[in-house]
There are 2 protein chains.
Amino acid sequence: MDVDTRLLRYFAAVAEEGSLTGAAERLFVSQPALTKQIRRLEEDLGVRLFARSRSGMALTEAGREFASRVPALLDGWDEAVQATGRAARVLRLGFLDAGAVGAVPEVIAEFRQARPEWRVELRQFDWSDPSAGLARGEADAAVVRLPFPGQERLTVRQLFVEERGVLLPARHPLANRETVEFRELWDEPFVAAGAETGAWREHWLATEERDGHPVRVGAVTGRPDEWLGAVASGCVALAPVSAARFHSHPDVVFRPVRGVSPSRVGLARPRGRTHEAALDELLEAITQRLRRT
Amino acid sequence: MDVDTRLLRYFAAVAEEGSLTGAAERLFVSQPALTKQIRRLEEDLGVRLFARSRSGMALTEAGREFASRVPALLDGWDEAVQATGRAARVLRLGFLDAGAVGAVPEVIAEFRQARPEWRVELRQFDWSDPSAGLARGEADAAVVRLPFPGQERLTVRQLFVEERGVLLPARHPLANRETVEFRELWDEPFVAAGAETGAWREHWLATEERDGHPVRVGAVTGRPDEWLGAVASGCVALAPVSAARFHSHPDVVFRPVRGVSPSRVGLARPRGRTHEAALDELLEAITQRLRRT
DNA sequence: TGCTTCTATAACCTGGTGGCATGGATGTGG
DNA sequence: CCACATCCATGCCACCAGGTTATAGAAGCA
């Protein structure tokens with residue numbers, strides 16, 4: 001019988017949460033999707049794992065047995081992934097936007113001289129995962145934008161801060177201004193990241209700086225091109241100043257904004273060391289080069 | 001990062017076989033499918049697992065690391081499945097055709113009296129898996145038709161033998177006969193099981209009894225209804241005499257055949273004991289009831 | 001040079017998986 | 001006692017991952 005680790009995570013979530021609705025919320029999937037998956041798991045196993053009731057899902061005896069083994073399976077998998085990465089002598093460096101990365105490629109080039117046996121790979125991730133691959137073990141370290149959810153389970157060092165501005169459609173009334181007050185943007189439709197990104201989403205909608213004024217979400221996207229496209233077609237979006245250099249679009253302009261906090265760029269890595277010395281060395285070099293303030 | 005155990009099995013097969021083509025054959029999937037899956041695995045891990053060459057696929061260092069851990073992961077999963085089944089106090093009894101099962105339901109009814117804390121479940125499997133769920137760990141024991149591939153990894157006890165006949169379209173010239181000689185069927189289009197069933201497929205095409213005369217395969221199917229449908233629409237198929245009772249179709253007739261070996265029905269279970277006493281007891285009871293000769 | 005044997009790519013099809021809307025069951029509070 | 005809230009289940013639809021076949025490309029070998 002074949003199973004996906006995703007199914008195991010689903011099961012674990014339902015088991016802990018004690019309800020489909022609750023677990024669905026935590027996993028950012030719909031409740032019917034979970035219903036179906038759990039049911040399929042039970043059918044495949046030929047075993048009832050949960051006792052359904054109005055008040056939720058309770059583990060059966062078999063369910064408890066299963067639940068007691070699932071964490072070890074998931075951990076075993078994670079461990080295998082990490083060990084393989086170590087053996088490959090590949091350092092996977094995740095990032096979200098070229099702006100934050102800055103001079104990192106140069107640092108990598110130098111590192112390649114010093115440690116020719118290691119390969120360094122820059123991997124871009126979309127905004128469905130603001131940890132840039134760390135959360136899923138798809139990166140060994142990452143250049144991130146703070147704050148983001150899951151941050152507390154990682155070691156994060158701040159590198160520098162960067163003012164934020166706004167991307168506007170070229171024909172927008174405010175597009176002619178030299179500078180924009182954030183308050184003037186309160187009622188504009190914003191481009192937002194997916195709900196699963198929590199605090200990250202909030203930060204880029206600047207909900208903190210709105211004095212409780214509600215947000216209008218005009219589009220939800222996870223990728224730079226869609227993001228820019230959404231702005232071109234009428235939405236607005238906060239962005240770091242570097243975005244102006246790295247994302248250009250004929251129908252989109254960038255303007256500084258007053259009244260929003262700056263974006264903080266950081267370097268993150270898992271708490272347990274994974275690649276020992278080589279990774280330390282690379283991250284130290286990046287920090288030296290990028291750190292400002 | 002999420003992975004399917006199927007992917008791990010694919011990887012293990014390629015690693016052992018040293019080639020995509022060879023592994024694809026063993027896994028009964030196409031070579032391009034494997035190419036894609038392995039490539040995807042490498043991309044997700046961000047690591048090259050194989051060195052490609054004209055002569056095949058060789059593990060890289062990282063690949064060897066990964067390969068050394070995969071078996072443990074797969075075993076861990078199997079073990080979790082079995083433990084869960086045990087905890088559920090469910091005995092899953094696989095079967096392929098009602099004819100072989102015979103009086104088993106009565107035995108189960110009695111067993112239920114003696115061991116009320118256990119639930120017994122009869123699960124029908126299609127012919128893509130002649131081990132009736134044992135191969136994939138989806139059954140704890142099975143009523144099977146011998147021989148079938150993978151049999152040597154199981155404990156099999158023969159229960160009885162049953163003559164084989166042929167299912168013919170009602171308007172077939174031979175349909176009026178009392179009895180048919182197998183030789184007369186040599187050139188008929190047969191309904192066959194999938195290629196992955198190996199010896200099982202051969203047995204039901206009776207390649208042994210053809211003196212090297214080639215088989216015409218008129219249809220490939222894995223399920224009883226399709227099977228019967230194929231016969232109704234012009235193919236023929238060997239079948240145990242019990243099939244005449246359990247599968248009726250207005251346009252299909254059953255006739256005894258001379259010149260083919262009988263079908264042997266057996267009771268199979270995994271070698272390592274899984275459910276200790278309860279399963280032993282049930283299987284013993286079934287054997288007592290069904291064993292003839 | 002032509003044949004074989006590998007892997008990679010392209011085009012297409014199907015079934016699984018997820019989303020939305022809704023139904024049904026069961027407590028709960030006015 | 002009825003309206004409501006809160007669960008889980010179901011039906012329908014859209015999409016993509018994964019499979020298949022056909023074919024290309026590279027490299028040994030006779």
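These figures come from a predicted structure and were not determined experimentally.
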Sequence neighbours excluded, the answer for side-chain hydrogen bond (donor to acceptor under 3.5 Å, both in side chains) partners of Ser53(B) is Ser55(B)
Sequence neighbours excluded, the answer for ring-ring contact (aromatic ring centres under 6.0 Å, His included) partners of Trp227(B) is Trp127(B), His247(B)
By side-chain hydrogen bond (donor to acceptor under 3.5 Å, both in side chains), Glu202(B) pairs with (sequence neighbours left out) Thr207(B)
Contact check, residues 22-47 of chain A vs DNA chain D, heavy-atom distance under 4.0 Å, returns Gln31(A), Pro32(A), Thr35(A), Lys36(A), Arg39(A)
| message | For Phe66(B) and Trp77(A), take the angle between the two ring planes, folded into 0 to 90°, and tell me which bin it lands in: parallel under 30, tilted 30 to 60, perpendicular over 60. | response | perpendicular
In the 5' to 3' direction, the nucleotides of DNA chain C bounding the stretch that comes under 4.0 Å of a heavy atom in chain A are dT17(C) to dG27(C)
By side chain to side chain contact (heavy atoms under 4.5 Å, CB included), Pro105(A) pairs with (sequence neighbours left out) Val101(A), Leu122(A)
In whole angstroms, the gap separating P of dT20(D) from CD of Glu196(B) amounts to 10 Å
With sequence neighbours left out, the residues meeting side chain to side chain contact (heavy atoms under 4.5 Å, CB included) with Thr197(A) are Pro130(A), Ala193(A), Trp200(A), Arg201(A)
Please list, for nucleotides 26-30 of chain D, all pairs of protein and nucleotide N/O atoms separated by less than 3.5 Å.
residue, atom, partner, partner atom, Å
dA27(D), O3', Arg54(B), NE, 3.4
dG28(D), OP1, Arg54(B), NE, 2.9

Rounded to whole Å, the CG-P distance (Leu20(B) to dT20(D)) equals 14 Å
To the nearest angstrom, the CE-P distance between Met57(A) and dC7(D) comes to 13 Å
Contacts of Asp78(B) meeting side-chain hydrogen bond (donor to acceptor under 3.5 Å, both in side chains) (sequence neighbours excluded), chain-then-number -> none
Residues 229-236 of chain B side chain polar contacts: donor-acceptor under 3.5 Å, at least two apart:
residue, atom, partner, partner atom, Å
Ser233(B), OG, Gly229(B), O, 3.2
Ser233(B), OG, Ala230(B), O, 3.1

Residues 66-75 of chain A vs side-chain hydrogen bond (donor to acceptor under 3.5 Å, both in side chains), sequence neighbours excluded, gives Glu65(A)-Arg69(A)
Counting the atoms with a prime plus P, OP1 and OP2 as sugar-phosphate, which does Tyr10(A) contact under 4.0 Å by heavy atoms, base, sugar-phosphate, or nothing?
sugar-phosphate
Distance-only criterion, 3.5 Å: show the donor-acceptor pairs between side-chain atoms of residues 13-25 of chain A and protein atoms not counting sequence neighbours.
residue, atom, partner, partner atom, Å
Glu16(A), OE1, Arg26(A), NH2, 3.3
Glu17(A), OE1, Arg26(A), NH1, 2.8
Ser19(A), OG, Gly22(A), N, 2.8

